[in-house]
Each structure stands twice: as C-alpha cells, then as structure tokens.
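Notes for the one structure printed next.
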There are 2 protein chains.
Amino acid sequence: MQFRIEMHVPEVVIPWRMPRKRLTREESREQTRLRLLDAAAVVIAKKGLAATSVEDMAGHAGYTRGAFYSNFKSKTDLFIELLKRDHVDIQESLQQLLDTDLSGEDLQRQLALFYSQCYGDNTSYVLWAEARLHAVRDAKFRQRLNALCLEKRDVIAYFITQFCKRMDMPLPASAADLALAMMGLIDGVKYFNLSMPAELPDSAAESILSTIFSATFFGSRA
Amino acid sequence: MQFRIEMHVPEVVIPWRMPRKRLTREESREQTRLRLLDAAAVVIAKKGLAATSVEDMAGHAGYTRGAFYSNFKSKTDLFIELLKRDHVDIQESLQQLLDTDLSGEDLQRQLALFYSQCYGDNTSYVLWAEARLHAVRDAKFRQRLNALCLEKRDVIAYFITQFCKRMDMPLPASAADLALAMMGLIDGVKYFNLSMPAELPDSAAESILSTIFSATFFGSRA
DNA sequence: GAATTCTAATACAGTTGTGTATCTGAATGC
DNA sequence: GCATTCAGATACACAACTGTATTAGAATTC
C-alpha cells in the first residue's frame, strides 16, 4: 500500500451528447468504447498502467467492469488500442505540420512547433513513456510498439531528407538514424521540461533543441 | 549438537562475497541488505516496480518478507536506496572518465565511451526509466530524483565548459541546458538501441550520437 | 552458560484485484 | 406486442499482496 499513490482522480463527468438522437446499439457501444478509452488514458497517465485496475478505468468512465470486459479483452488490449489511437493523431499532426512548413527556412519556429506538437499534452507523453518501459520487458509488445515508432521515424526521416535537399545541404548522417536520434532527443528533453520546469522551462527547452537541431543540420552557420 | 554456520541463509548461498568469514551482526545485516538490493534491482528491471512484490524481491535474494521489512521501510524506500547506489556509481565512473580524457580532442572516442559508460548495463537503464516515470506522478519522489539528475547534470556541464574552454570554442548554449539535452539525447538513443538493436545497433547509436555531439560543439568543422 | 538482544521466519488478518457466470432491461425484429 | 438479442450490472470464487504481530534461534554480553 506504500506504493499506491493516492492521486485522487476526479470522477470524469461526461457531458452527455444530447440524447436528442436515440443511439443505435452500435453507436452506443462505440460511445462506451470511446469513453472507456478516454477515461483510461487519464487514469493510466495519473497512476500508471500497473497500478490502474480495470475497475478504476471503468469507474472513471461511468461504467462498471462488466462494460469493460464486454468491450476489451484485457487491460493490455485497451492499452494498445490507446496507443494506436494516439499514434494516429501524432502521425497526422506531424504530417500536417511537415507538409505545411517544408518551404520555410525558419528552422527555429519549425522546431518549436514540432516540439510542442509532438505530444499534444502530458498525458500523451506519459502514455508513451509507460509504453516504452513495457516494451523493454515484453517482446511481443515491443514488436508492436516498434512498428509504430518506425512509422513515426519514417515520416520524420522523409522530412529531414526533403529539408536537406531543399536547403541544398548534405545529410549529416543516415536520415533514419537522425530521425531516431531526434525523437530520442525530443523525448529526453521533454522529460526534463516536464519534471523540472524551473530548471528547464519551455523557452529553454525549445531553445536548446533549436540549437542542437540547427547545429546538426546547418553546421556552424546557424 | 552440531552447529551450522548461517543456518538461516537458505538454499541460495551467494558466492561472491567472502563466504568464509564468520560475520558479526552488523556485517551479516549489511550483507542481507546488499543481497536484497541486488536481487531487487534484477527483479524490478525484469518485471517493473509496481509488478514486483516485496516477497519477490526477498525471495530472489534468498530471504523472506520478514528480512525485507526488517531492513527497509517499504518498497519505495528500497527503490530510492537502489537509485542512490546506482547514482553514486554513475557519478564516479563519469567523473573518472571526464577527468581522464579531458585532454584529448578525440571526441568520437570520448563520446562512445561516455555513451557506453553512462549506464553500465541495461538493468540500470530500466531502473532509471522506471524512476522517471514514477517521478512524473509523485511530487516528493520527483524532488529527490531531480536532485540526483541535477548532480549528474552539473558534472556534465562542468565537463562541457572545460572542454569548450580548452578547445577554445564558445559554448553554443548554456552549459547546464546543454548537459540536460545531452542526457536526454543519450537516454533517448539508448532506448532505441535497446528496443530495436537491428534498426539501431551499437555502432549506429554511437555514430549518430557522435555526429550530433560534434556538430553541436564543433559546428561544421567535425 | 544464562540472560539479552537482535535478525529473520512464520502466521494472520485485511485489502484489492481478476475473470467468469449470471442476471436485467432496453433496443430490435417479426 | 411478444420474443429475441445484446450492452452492461451484479455476484461470486479465488488469487495475490501488504503489513503487523508473534516466534525461533543465533550472536552477544556478563
């Protein structure tokens, strides 16, 4: 009991979406699923995957365990679903960002955006941190997570390639490896930014990332 | 009546610490403590902090829960002890490395060493990843962990400062922030190196770190 | 060598969680 | 409007952990 942190997760009051429309079974079921996922994301981020019981998640979504088990095979099952959902979101906003801004040479701004966009909120960061840790231990899970990470890497690698081409600069290393390193860097910095905002406030985080990013791709010119 | 030495130490007699000497109470107790810590590190790395029961840890060390509770207040207590121990090790080897190699300008090799030294083994990496995650959720724990991280940062920052001075280069950013970023980068890269060794083998990890490190401090010259 | 002190084992009471099996009421279909 | 179906609630059987209280026996003291 020493170990369970009483975080007091407030009951999520879900704004009922106008029962004007009477939901079909399918719609209703889908709604339940979504609510369970949303609530689970919040609770897991707050207490951690292992410390979160099925009842916790269901409860915060306004349901009981019955509803949970009728929608998901297990806690892990839901967790993977959650990551997939988040991954799609990240991919989309990343893609969108990279598509939009590829032309500009304003690297600083680009990076800053990139950084803040990369994880919409802290919940998302924590979720992925949890996932990485889980992946270290579970080979099957690791494979699935790696697949997602590599997708993300490829988007970034493609961007890096295009960017360097456009700027008429040589790639300082393999685009794939650079992408991984940048992902790692961003995650790493994000953690410090999150855990010691006094030591590394948003501005400093963006600035240092910007410095390293510039140096890596522009050499000493920026 | 025959007397059996160390009758209470069950089947697992851990061979590596002077098995012959008759221990005083204090020594014996310290030995138990160390065994519990060592075993805990392994088990926690394998199954995760939350999923590891007190009995697990004690059992792997060859004791029962009684021994555990007579040596540690709680699982968290032990965990912090574990981190401190590891932190001291890291600090020492870091200090040593930096002291030794400060003169050379062979940055590549330096970095490679730095990287491989930074976490002696994977157990250590996992432990810190676990700690970071836990810190996000628990303010008190976060403070304690931050203190350790900042100590580490300062050692690295000092090195960076000295290094730039010696190389007669300007600091590309605040040494403290650079140090944090490098720590983040190394952790981030380490994860990919660990979870997808086929995509990012040791050599690639070292190489990409080296590239970024060089670029950051030397600009385009390296 | 008896009394004590201390480490660690053991027993126990209480809590929390899991997954399944069964039940209920609302949505659908005939 | 009656029967069916299915989402989700409830009940249950059981497994795991925690932390404390008690106990055994080795180490130390006198």
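Chain letters run A, B, ... following the sequence lines, proteins first and then strands; every chain starts at 1. The figures here come from the full heavy-atom set of this structure, side chains too, leaving out hydrogens, waters and symmetry mates.
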Minimum heavy-atom distance between A:Ala129 and B:Leu133, given as atom pair plus value
CB-CD1, 3.8 Å
What's the shortest heavy-atom distance between A:Ala175 and A:Ile160, and which atoms?
O-CD1, 4.3 Å
Output the rounded distance in Å from [atom1] ([X]) to [atom2] ([N]).
X       : N      : atom1 : atom2 : result
A:Lys47 : C:dG17 : NZ    : C1'   : 11 Å
B:Leu34 : C:dA8  : CG    : P     : 12 Å
B:Leu78 : D:dC17 : CG    : P     : 16 Å
B:Phe68 : D:dC17 : CZ    : P     : 14 Å
B:Glu30 : C:dC6  : CD    : P     : 17 Å
B:Glu26 : C:dC6  : CD    : C1'   : 12 Å
A:Phe72 : D:dG8  : CZ    : C1'   : 14 Å
A:Met57 : D:dG8  : CE    : P     : 15 Å

Taking atom CZ of A:Arg132 and atom CZ of B:Arg132, what is their separation to the nearest 0.5 Å?
8.0 Å
Given the ring of B:Tyr119, does B:Lys190 sit roughly above its face, with NZ or CZ under 6.0 Å from the centre of the six-membered ring and within 45° of the axis?
no
For nucleotides 18-21 of chain C, tabulate all protein N/O to nucleotide N/O atom pairs closer than 3.5 Å, reporting atom names and distance.
{"residue": "C:dT18", "atom": "OP2", "partner": "A:Val54", "partner atom": "N", "Å": "3.4"}
{"residue": "C:dG19", "atom": "OP2", "partner": "A:Tyr69", "partner atom": "OH", "Å": "2.1"}
{"residue": "C:dG19", "atom": "N7", "partner": "A:Arg65", "partner atom": "NH1", "Å": "2.8"}
{"residue": "C:dG19", "atom": "O6", "partner": "A:Arg65", "partner atom": "NH1", "Å": "2.9"}
{"residue": "C:dG19", "atom": "O6", "partner": "A:Arg65", "partner atom": "NH2", "Å": "2.9"}

If you only use heavy atoms from C-beta on, which nucleotide in C:dA8, D:dT10, D:dA7 is closest to the side chain of A:Thr64?
D:dT10
Would a 4.5 Å heavy-atom cut-off, applied to side chains only, mark A:Met182 and A:Thr216 as touching?
yes
Begin from the C-alpha positions of A:Tyr125 and A:Asp187 and carry the test side-chain hydrogen bond (donor to acceptor under 3.5 Å, both in side chains) through to its verdict.
CA-CA 8 Å; A:Tyr125 172 81; A:Asp187 277 359; over 6 Å; no
Do other residues, nucleotides or ligands put more than 12 heavy atoms under 6.0 Å from the CD atom of A:Gln143?
no
Should B:Thr32 be listed as having a side-chain N or O under 4.0 Å from OP1 or OP2 of C:dA8?
yes
Under 4.0 Å between a side-chain N/O of B:Asn71 and OP1 or OP2 of C:dT7, yes or no?
no
